[in-house]
Protein chains: 2
Amino acid sequence: MARCPTHRVLDRLGDKWVSLLLKELGEGPKRHSDLAHALAGASQKMLTQTLRGLERDGFVSRFVTPSVPVRVDYALTPLGERLLPVIHAMTLWAERHIEEIDAAQQAYDLLENSAP
Amino acid sequence: MARCPTHRVLDRLGDKWVSLLLKELGEGPKRHSDLAHALAGASQKMLTQTLRGLERDGFVSRFVTPSVPVRVDYALTPLGERLLPVIHAMTLWAERHIEEIDAAQQAYDLLENSAP
DNA sequence: CGGAATCCAAAGGGATACTG
DNA sequence: CAGTATCCCTTTGGATTCCG
């Protein structure tokens with residue numbers, strides 16, 4: 001099951017900062033500092049770590065300009081861009097149903113707290 | 001960002017056993033013991049915990065038949081069924097591109113191990 | 001049979017300091 | 001500017017045991 005493609009992809013997409021990162025890079029290539037600014041809540045460690053993971057999967061490419069100081073740009077690969085439509089479908093679905101999920105959670109939590 | 005619908009849904013879908021569980025329940029209602037059998041690798045704790053999470057989100061419903069011994073059936077709710085199409089789209093995408101991902105990972109790992 | 005509780009190991013993730 | 005390396009706390013998940 002660790003090799004089930006669906007699970008592998010969802011596992012990556014479920015990483016804390018991946019959805020935001022893909023959203024940013026979906027708009028076009030960005031510098032590391034731009035991404036750091038966009039993902040204000042992410043630690044520098046997690047930003048790099050997440051980018052490495054996406055790079056390893058082939059979703060993101062990394063360009064280093066060896067100036068001083070160094071400049072690093074990230075962009076979606078063709079594979080990464082082909083992922084965008086399904087992400088978009090997920091986003092649309094989530095936005096359309098989030099209120100229903102909220103309602104379900106509140107209802108569930110109410111019952112839990114009333115009968116322990 | 002913790003309230004971003006996309007992230008919330010992906011976070012749940014990224015849970016270790018969720019994709020398998022939804023796949024099983026997508027085929028129709030199942031007993032707890034059936035699910036336990038299908039998800040052979042999951043501990044009993046994780047199975048129940050995952051089902052509780054999906055129930056709280058409103059994706060899954062739980063029916064208890066108070067016989068002796070007790071019988072518990074799980075099924076997708078209407079909301080859960082509306083989730084199936086996007087899951088299916090993800091599955092399709094993942095199966096179509098998993099080889100490309102594998103290739104990217106192998107290429108990446110080769111470069112890592114050759115220049116540490 | 002289904003589940004709750006406990007205990008414990010491993011992975012995730014943040015803060016900080018240091019390097020080229 | 002971008003990245004690496006620690007340190008440390010939190011979360012996740014598995015094994016086991018006990019309850020209806």
Side-chain angles (χ1 to χ4, degrees), chain A residues 1-2 4 7-8 10-21 24-25 29-57 60-75 108 111-113 115-116, chain B residues 1-2 4 7-8 10-21 24-25 29-57 60-75 108 111-113 115-116:
Chain A
M1 100 79 165
C4 163
H7 179 260
R8 286 177 57 191
L10 281 176
D11 194 41
R12 173 68 67 196
L13 262 38
D15 283 359
K16 191 164 181 181
W17 301 103
V18 164
S19 55
L20 273 175
L21 220 36
E24 287 299 314
L25 290 176
K30 307 238 175 164
R31 298 191 53 173
H32 178 104
S33 47
D34 295 336
L35 295 173
H37 181 255
L39 281 74
S43 66
Q44 190 276 333
K45 168 187 167 182
M46 287 316 298
L47 179 56
T48 297
Q49 183 174 304
T50 305
L51 284 166
R52 288 290 174 284
L54 292 172
E55 196 189 350
R56 179 168 183 267
D57 288 344
V60 161
S61 54
R62 177 168 173 270
F63 299 98
V64 180
T65 307
S67 52
V68 178
V70 66
R71 167 187 177 129
V72 181
D73 289 271
Y74 290 91
Y108 184 93
L111 294 182
E112 291 312 282
N113 298 331
Chain B
M1 101 78 165
C4 163
H7 179 262
R8 286 177 58 189
L10 282 176
D11 194 41
R12 172 69 66 195
L13 260 39
D15 283 359
K16 190 165 182 180
W17 302 102
V18 164
S19 55
L20 273 176
L21 220 36
E24 287 301 313
L25 291 177
K30 307 237 175 164
R31 295 192 56 172
H32 178 105
S33 46
D34 295 336
L35 295 173
H37 181 256
L39 281 73
S43 65
Q44 183 275 329
K45 168 186 168 182
M46 288 314 299
L47 178 57
T48 297
Q49 182 174 305
T50 305
L51 285 166
R52 288 293 174 283
L54 292 171
E55 196 189 350
R56 178 168 184 265
D57 288 346
V60 162
S61 54
R62 179 168 173 268
F63 299 98
V64 181
T65 307
S67 50
V68 177
V70 68
R71 168 190 176 125
V72 180
D73 289 271
Y74 291 91
Y108 184 93
L111 294 181
E112 291 313 282
N113 298 331

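To find a chain, count down the sequence lines: A is the first, B the second, and so on, and within it residues start at 1.
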Novice: Would you say D:dA2 has OP1 or OP2 under 4.0 Å from some side-chain N or O of A:Arg62?
Specialist: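 Checking D:dA2 against A:Arg62, no side-chain N or O comes under 4.0 Å of OP1 or OP2.
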
Novice: Rounded to the nearest 0.5 Å, what's the gap from CG on B:Leu35 to OH on B:Tyr74? Could you check?
Specialist: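 It comes to 8.0 Å.
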
Novice: For D:dT11, does OP1 or OP2 lie under 4.0 Å from any side-chain N or O of A:Lys16?
Specialist: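 Answer is no, no contact under 4.0 Å.
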
Novice: How long is the span from the CG atom in B:Leu54 to the OG atom in B:Ser61, to the nearest 0.5 Å?
Specialist: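 Between atom CG of B:Leu54 and atom OG of B:Ser61 there are 11.0 Å.
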
Novice: From D:dA2, C:dA5, C:dC1, pick the nucleotide closest to the side chain of B:Lys45?
Specialist: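 Ranking D:dA2, C:dA5, C:dC1 by closest atom to the B:Lys45 side chain puts C:dA5 first.
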
Novice: Less than 4.0 angstrom from a charged side-chain N to a carboxylate O is my criterion; do A:Arg8 and A:Asp11 meet it?
Specialist: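 Salt bridge flag = no for A:Asp11 with A:Arg8.
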
Novice: Using the side-chain heavy atoms of B:Val70, tell me which of these nucleotides is nearest: C:dG2, D:dC1, D:dG14.
Specialist: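 Between C:dG2, D:dC1, D:dG14, the one nearest the side chain of B:Val70 would be C:dG2.
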
Novice: Between C1' on C:dG3 and CZ on B:Arg71, what's the gap in Å once rounded to a whole number?
Specialist: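 For the pair B:Arg71 CZ and C:dG3 C1', the rounded distance is 17 Å.
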
Novice: Without decimals, in angstroms, what is the distance between A:Leu35 CG and D:dA2 P?
Specialist: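 Distance check: A:Leu35 CG to D:dA2 P gives 9 Å.
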
Novice: Could you give the CG-to-C1' distance, from B:Leu51 to C:dC1, as a whole number of Å?
Specialist: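 Rounded to whole Å, this separation is 14 Å.
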
Novice: Check the phosphate of D:dA2 against A:Ser33, side-chain N and O only, distance under 4.0 Å to OP1 or OP2. Yes or no?
Specialist: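 Yes, because at least one side-chain N or O of A:Ser33 sits under 4.0 Å from OP1 or OP2 of D:dA2.
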
Novice: Look at the side chain of A:Gln44 against the base of C:dA17 and say whether a donor-acceptor pair falls under 3.5 Å; ignore hydrogens and angles.
Specialist: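 Side chain to base: no pair present.
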
Novice: What integer distance in Å separates B:Asp15:CG from C:dG12:P?
Specialist: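 So the CG-P distance, B:Asp15 to C:dG12, works out to 13 Å.
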
Novice: For DNA chain C, whose closest nucleotide is more 5', that of A:Gly14 or that of B:His32?
Specialist: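 Upstream on the strand: B:His32.
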
Novice: In whole angstroms, how far is the P atom of C:dG14 from the CG atom of A:Leu47?
Specialist: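 Result: 11 Å.
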
Novice: What is the distance, to the nearest angstrom, from the CG atom on B:Asp11 to the P atom on C:dG12?
Specialist: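 Whole-Å distance recorded here is 13 Å.
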
Novice: Among A:Leu25, A:Thr50, A:Leu21, which residue satisfies the side chain to side chain contact (heavy atoms under 4.5 Å, CB included) criterion with A:Val60?
Specialist: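 The single option meeting the side chain to side chain contact (heavy atoms under 4.5 Å, CB included) with A:Val60 is A:Leu25.
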
Novice: B:Pro69 side chain: which of C:dG14, C:dC1, D:dG13 is closest?
Specialist: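 Looking only at heavy atoms from C-beta outward on B:Pro69, the closest nucleotide is C:dC1.
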
Novice: Treating B:His32 as the side-chain partner and B:Arg71 as the backbone partner, does any N or O pair qualify as donor plus acceptor under 3.5 Å?
Specialist: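 Answer holds: no.
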
Novice: For B:Trp17 and D:dT12, is the shortest distance between a side-chain N/O and OP1 or OP2 below 4.0 Å?
Specialist: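 So the side chain of B:Trp17 is outside the cut-off, no N or O lying under 4.0 Å from OP1 or OP2 of D:dT12.
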
Novice: It should be established whether B:Arg52 places a side-chain nitrogen or oxygen under 4.0 Å from OP1 or OP2 of nucleotide C:dA4.
Specialist: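 Answer is yes, contact under 4.0 Å.
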
Novice: For D:dG3, does either OP1 or OP2 sit under 4.0 Å from a side-chain N or O belonging to A:Tyr74?
Specialist: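 Indeed, a polar side-chain atom of A:Tyr74 lies that close.
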
Novice: 5'-most contact on DNA chain D: A:Arg31 or B:Gln49, nearest heavy atom basis?
Specialist: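 Its nearest nucleotide lies further toward 5', so the answer is A:Arg31.
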
Novice: Using atom CE of B:Met46 as one end and atom P of D:dG13 as the other, report the distance to the nearest whole Å.
Specialist: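 My rounded result for the distance is 4 Å.
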
Novice: C:dC1 P sits how many Å from B:His37 NE2, rounded?
Specialist: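 Atom-to-atom, B:His37 to C:dC1, this comes out as 13 Å.
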
